[in-house]
Chemist: 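Pasting in a structure now, in structure tokens, and then I'll have a few things to ask.
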Amino acid sequence: MGRTAHRYLIFDTAAGFCGIAWSARGITRFQLPTKSAEATERLLLRRLPEAKPQEPPSEVVEAVAEVKRYFEGKETDFSGLALDLGEQDALFKQIYAATRKIPWGRTTTYGALAKELGAGPEAARDVGQAMAKNPVALIIPCHRVLAAGGKVGGFSAPGGASAKLRMLELEGVHIGPPEPAQQSLGF
């Protein structure tokens, strides 16, 4: 079996430098923004050491344009992009397919996603593991999947949970302590 040839591009966005890698079948990796092109490239190549830089094909050019729009705070939809996630088990494939359907500005929880897939609450852990191993964060919008009770939950990207919060805020989703209630004087 021949190894898949991976190509990649590092590009600038309003949030920093992102990286995207692809094969002949689709996008294989996405690196969320860091402050420098070098740091982004290092993170991307840690996962795909044999990847080579290349001018992207038109589908990847479209994906890059959408990512730039996203980090400018403009509504985007990545669900139509072709992905090549390699060998994934059936459950992870289902989890990723369901996650891709979560629209801009909406969130769900690990447990609700597990339930939607017909699995019991114990499968929420599987959903969490799939999110942690998501090779194309943002394109599969794992940042829109929260822990129970609206808590942020983990986020394995650079910046961790604060990066997840910033991405949700771009989409108009605010998570945090409830605003203090206005005290009304009953006159």
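Since we're looking at a predicted model, the values are computed, not measured.
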Chemist: If we check side-chain contact (heavy atoms from CB on, under 4.5 Å) with Ile140, which of these qualifies: Asn134, Leu81, Val145?
Modeler: Asn134
Chemist: Examine the side chains of Ser23 and His6 and answer whether a donor and an acceptor come within less than 3.5 Å of each other.
Modeler: no
Chemist: Which distance, rounded to the nearest 0.5 Å, do you find between the CG of Asp12 and the NZ of Lys68?
Modeler: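 Between atom CG of Asp12 and atom NZ of Lys68 there are 7.0 Å.
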Chemist: Phe30 vs Phe11 aromatic rings, parallel, tilted or perpendicular, using cut-offs 30° and 60°?
Modeler: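 It falls in the tilted class, 30° to 60°.
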Chemist: Go through the steps for Leu43 and Thr34 under the test side chain to side chain contact (heavy atoms under 4.5 Å, CB included), then give the verdict.
Modeler: CA-CA 9 Å; Leu43 287 166; Thr34 70; 3.7 Å; yes
Chemist: With a 4.5 Å heavy-atom cut-off, do Val152 and Leu165 have their side chains touching?
Modeler: yes
Chemist: Closest heavy-atom contact between Val67 and Cys18?
Modeler: CG1-SG, 4.2 Å
Chemist: What is the distance from atom CD of Glu116 to atom CD1 of Ile95, rounded to the nearest 0.5 Å?
Modeler: 11.0 Å
Chemist: Rounded at 0.5 Å granularity, tell me how far CZ in Arg144 sits from OG1 in Thr107.
Modeler: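 Those atoms lie 10.0 Å apart.
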Chemist: Would you indicate whether the side-chain heavy atoms of Ile10 and Leu44 approach each other to under 4.5 Å?
Modeler: yes
Chemist: Of the options Lys164, Arg166, Glu171, which is the one that meets His143 in a side chain to side chain donor-acceptor pair (under 3.5 Å)?
Modeler: Glu171
Chemist: Is there a side-chain contact between Asp77 and Glu66, using heavy atoms and a 4.5 Å cut-off?
Modeler: no
Chemist: Kindly indicate whether the side chain of Pro135, heavy atoms from C-beta on, has any atom under 4.5 Å from the side chain of Leu85.
Modeler: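 The answer is yes; the side chains approach within 4.5 Å.
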Chemist: Give the minimum heavy-atom separation between Ala123 and Ala119, together with the two atoms involved.
Modeler: CB-CB, 3.3 Å
Chemist: So which heavy atom on Ala124 is nearest to which on Ala114, and how close?
Modeler: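 Result for this residue pair: N-CB, 3.7 Å.
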Chemist: Would you say the side chain of Met131 lies within less than 4.5 Å of the side chain of Thr99, judging by non-hydrogen atoms?
Modeler: yes
Chemist: Please report the closest heavy-atom contact between Phe78 and Ile139, naming both atoms and the distance.
Modeler: CB-O, 3.7 Å
Chemist: Decide whether Tyr8 and Gln31 meet the rule of one side-chain donor and one side-chain acceptor closer than 3.5 Å.
Modeler: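 Distance-only check fails for Tyr8 and Gln31.
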Chemist: With a 6.0 Å cut-off (strictly less than), is the heavy-atom count around CZ of Arg106, excluding the residue itself, greater than 12?
Modeler: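 No.
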Chemist: Rounded to the nearest 0.5 Å, how far does CD1 of Ile20 lie from CG of Leu9?
Modeler: 7.5 Å
Chemist: If only atom types and distance count, is the side chain of Arg69 paired as donor or acceptor with the main-chain N or O of Lys74 below 3.5 Å?
Modeler: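 Here the side-chain-to-backbone pair does not exist.
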Chemist: Look up atom CD in Glu55 and atom CZ in Arg7, then write down how far apart they are to the nearest 0.5 Å.
Modeler: 13.0 Å
Chemist: Under a 4.5 Å side-chain heavy-atom rule over Ile, Leu, Val, Met, Phe, Trp and Tyr, are Leu91 and Ile102 clustered together?
Modeler: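 Cluster IDs for Leu91 and Ile102 match.
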Chemist: Go through Trp22 and Arg29 one step at a time and tell me if the side chain to side chain contact (heavy atoms under 4.5 Å, CB included) criterion holds.
Modeler: CA-CA 7 Å; Trp22 64 92; Arg29 287 240 162 238; over 6 Å; no
Chemist: Do Glu41 and Phe17 touch side chain to side chain, with heavy atoms closer than 4.5 Å?
Modeler: no
Chemist: Less than 4.5 Å apart, side chain to side chain, heavy atoms only: is that true for Leu170 and Tyr70?
Modeler: yes
Chemist: For residues Gly19 and Thr40, report the shortest heavy-atom separation together with the two atoms involved.
Modeler: N-CG2, 3.4 Å
Chemist: Hey, does Cys142 have a side-chain heavy atom less than 4.5 Å from the side chain of Tyr96?
Modeler: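 A side-chain contact under 4.5 Å is absent here.
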Chemist: Start with the C-alpha distance between Phe92 and Glu87, add both sets of side-chain angles, then the distance that settles side chain to side chain contact (heavy atoms under 4.5 Å, CB included), and finish with yes or no.
Modeler: CA-CA 10 Å; Phe92 274 30; Glu87 298 302 310; over 6 Å; no
Chemist: Going from CZ on Arg42 to CZ on Arg47, what distance comes out if it is rounded to the nearest 0.5 angstrom?
Modeler: 14.0 Å
Chemist: How far apart are the C-alpha atoms of Leu32 and Met167, what are their side-chain angles, what is the distance that settles it, and do they pass the side chain to side chain contact (heavy atoms under 4.5 Å, CB included) test?
Modeler: CA-CA 10 Å; Leu32 287 165; Met167 290 166 72; 3.8 Å; yes
Chemist: Check Gly105 against Val173 and note the closest heavy-atom contact, atom names and distance.
Modeler: O-CG2, 3.3 Å
